[in-house]
Number of protein chains: 2
Amino acid sequence: MEKPLCPETTYTDLPFDVYARTCPSRETLEHVTGRWGSLTVSALREGPCRFNELRRRVDGVSEKMLSQTLHALERDGIVSRDAQPTNPPRVDYELTPLGREVADRLLSLIHFVEGSMPEVLAARESYDGSRGGR
Amino acid sequence: MEKPLCPETTYTDLPFDVYARTCPSRETLEHVTGRWGSLTVSALREGPCRFNELRRRVDGVSEKMLSQTLHALERDGIVSRDAQPTNPPRVDYELTPLGREVADRLLSLIHFVEGSMPEVLAARESYDGSRGGR
DNA sequence: CAGCATCCAAGCGGATACTG
DNA sequence: CAGTATCCGCTTGGATGCTG
């Protein structure tokens, strides 16, 4: 590792172009791995889904966050949006081919972590135990 | 997908046991994919590393955040800590076998996203272009 | 149904100062 | 060197109300 890893700038006030020259992939990575991003991408890996159905699949997400998450993912080319101008409106979201590849790698990580929970929980007990009440 | 995906509780005030029954892997996943977690795990995939060296490798991380991140990862059994009681103190951090497996899957995702940046950037231009200045 | 706009509490995360 | 403790601004993200 020659050059240091770099952080993203979601919380900084760097102009976007400065940031983009620095570490452009961080932002997309965060959209995907973020709190709601990972759940949304996972849910969409099951197939296309409408907005409110997605809200139900991604338990606990607020309208605002789901909307925000979907916009970010759509902008990054991970998710595509198909809006029918009917009444009532119907909008379907689905993963793009790129999104599907991202989802597969993400799910591989998620499933591995889920499968490792017994080890993780054991590690936690050991960690917490070896220092009384911390 | 039968049961809905569930969110974690880093930002909520649920008692831990309530959360644990709900979706225990979320927390660990966030430690790994989080802002500094992913960079820290990536850096450690290169080999063992001391605290301040890690700070340099993970560019932009504050002492507080690195410390916090390492504690969380250590508690989850992703990272191991080896402290020599010398003077000056020397502490080496390294990935556990579990951590290495997690890191490989995480890096697979990261590298894929990085390699896809041209497509992502193109998608962004297209998205931004199709709606004037947004 | 599918969203946007606004308000506001909570806690993330940086800066600083201090310890062993 | 390897951290911990404290302060505090700013972002995150939930709740509410409104639109087409």
Side-chain angles (χ1 to χ4, degrees), chain A residues 6-14 16 19 26-27 30-31 33-40 44 48-75 79-94 131 134, chain B residues 6-14 16 19 26-27 30-31 33-40 44 48-75 79-94 131 134:
Chain A
C6 61
E8 33 51 55
T9 59
T10 305
Y11 300 92
T12 78
D13 50 3
L14 280 177
F16 179 75
Y19 161 64
R26 285 263 86 208
E27 198 181 16
E30 294 230 331
H31 293 158
T33 60
R35 173 126 86 143
W36 303 115
S38 61
L39 296 174
T40 303
L44 285 174
C49 198
R50 301 177 59 178
F51 189 83
N52 277 305
E53 192 189 342
L54 214 39
R55 268 197 79 185
R56 263 168 266 126
R57 292 225 270 221
V58 181
D59 191 45
V61 71
S62 68
E63 220 174 73
K64 178 185 171 182
M65 283 302 103
L66 181 56
S67 179
Q68 208 168 94
T69 300
L70 286 169
H71 277 310
L73 293 174
E74 188 195 351
R75 198 171 96 98
V79 160
S80 66
R81 205 184 103 110
D82 174 31
Q84 256 109 19
T86 60
N87 193 311
R90 177 194 175 95
V91 181
D92 284 277
Y93 291 91
E94 94 183 283
R131 39 175 66 197
R134 196 262 174 256
Chain B
C6 59
E8 36 50 57
T9 59
T10 303
Y11 299 91
T12 78
D13 51 1
L14 278 177
F16 179 74
Y19 161 63
R26 287 262 84 210
E27 198 180 15
E30 295 229 332
H31 293 158
T33 60
R35 172 127 84 144
W36 303 115
S38 61
L39 295 174
T40 303
L44 285 174
C49 198
R50 300 177 60 178
F51 188 84
N52 278 306
E53 192 189 340
L54 215 38
R55 267 198 79 185
R56 264 168 265 126
R57 291 226 271 223
V58 181
D59 191 47
V61 71
S62 68
E63 224 171 70
K64 177 186 170 184
M65 282 301 105
L66 181 56
S67 179
Q68 208 169 94
T69 300
L70 286 169
H71 277 311
L73 293 174
E74 188 194 350
R75 198 170 95 99
V79 161
S80 66
R81 204 184 105 110
D82 174 31
Q84 257 108 20
T86 60
N87 193 309
R90 177 194 176 94
V91 182
D92 283 277
Y93 290 92
E94 93 183 284
R131 40 177 66 200
R134 198 262 173 253

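The chains referred to below are lettered A, B, ... by the order of the sequence lines, with proteins before strands, and numbering in each begins at 1.
Atoms NZ (A:K64) and P (D:dC18) sit 18 Å apart, rounded to a whole Å. As a whole-Å value, the separation of A:L66 CG from C:dG3 C1' is 10 Å. At whole-Å resolution of the value, CZ in A:R81 and P in C:dC1 are 16 Å apart. Taking atom NE2 of A:H71 as the reference point, atom P of C:dA5 lies 9 Å away to the nearest angstrom. Taking atom CE on A:M65 and atom C1' on D:dA15, their separation rounds to 12 Å, with Å as the unit. With rounding to whole Å, A:R35 atom CZ is found 8 Å from D:dT12 atom C1'. Atom P of nucleotide C:dC1 and atom OH of A:Y93 are separated by 14 Å, given to the nearest angstrom. For the pair A:Q84 CD and C:dG3 C1', the interatomic distance rounds to 16 Å; values are reported in whole Å.
Of all the heavy atoms in B:E30 and A:R35, the pair that sits closest is OE2-CA, 3.5 Å. The minimum heavy-atom distance between B:P48 and B:R57, with the atom names listed, is O-NH2, 4.0 Å. Across all non-hydrogen atoms, the minimal contact from B:L73 to B:H31 is CD2-O, 3.8 Å. Closest approach of A:R26 to B:S38, counting heavy atoms only: NH2-OG, 3.0 Å.
Using a 4.0 Å heavy-atom cutoff across all strands shown, B:Q68 reaches no nucleic acid atom at all. Nucleic acid contact for A:R55: none, since no nucleic acid atom lies under 4.0 Å from a heavy atom of the residue.
The side chain of B:W36 sits closest to C:dG14 out of D:dT4, D:dG14, C:dG14.
In terms of position along DNA chain D, the nucleotide closest to B:D92 lies nearer the 5' end than the nucleotide closest to the other residue of the pair B:D92 and A:S62. Summary of the strand contacts: A:S67 and A:P88 both lie near DNA chain C, and taking for each the nucleotide with the nearest heavy atom, the more 5' one is attributed to A:P88.
Using a cutoff of 4.0 Å between basic side-chain nitrogens and carboxylate oxygens, A:R55 and A:E63 are scored as salt-bridged.
Contact annotation: A:R90 side-chain N/O to C:dA2 OP1/OP2 distance is not under 4.0 Å. Here A:R50 reaches the OP1 or OP2 of C:dA2: one of its side-chain N or O atoms lies under 4.0 Å away.
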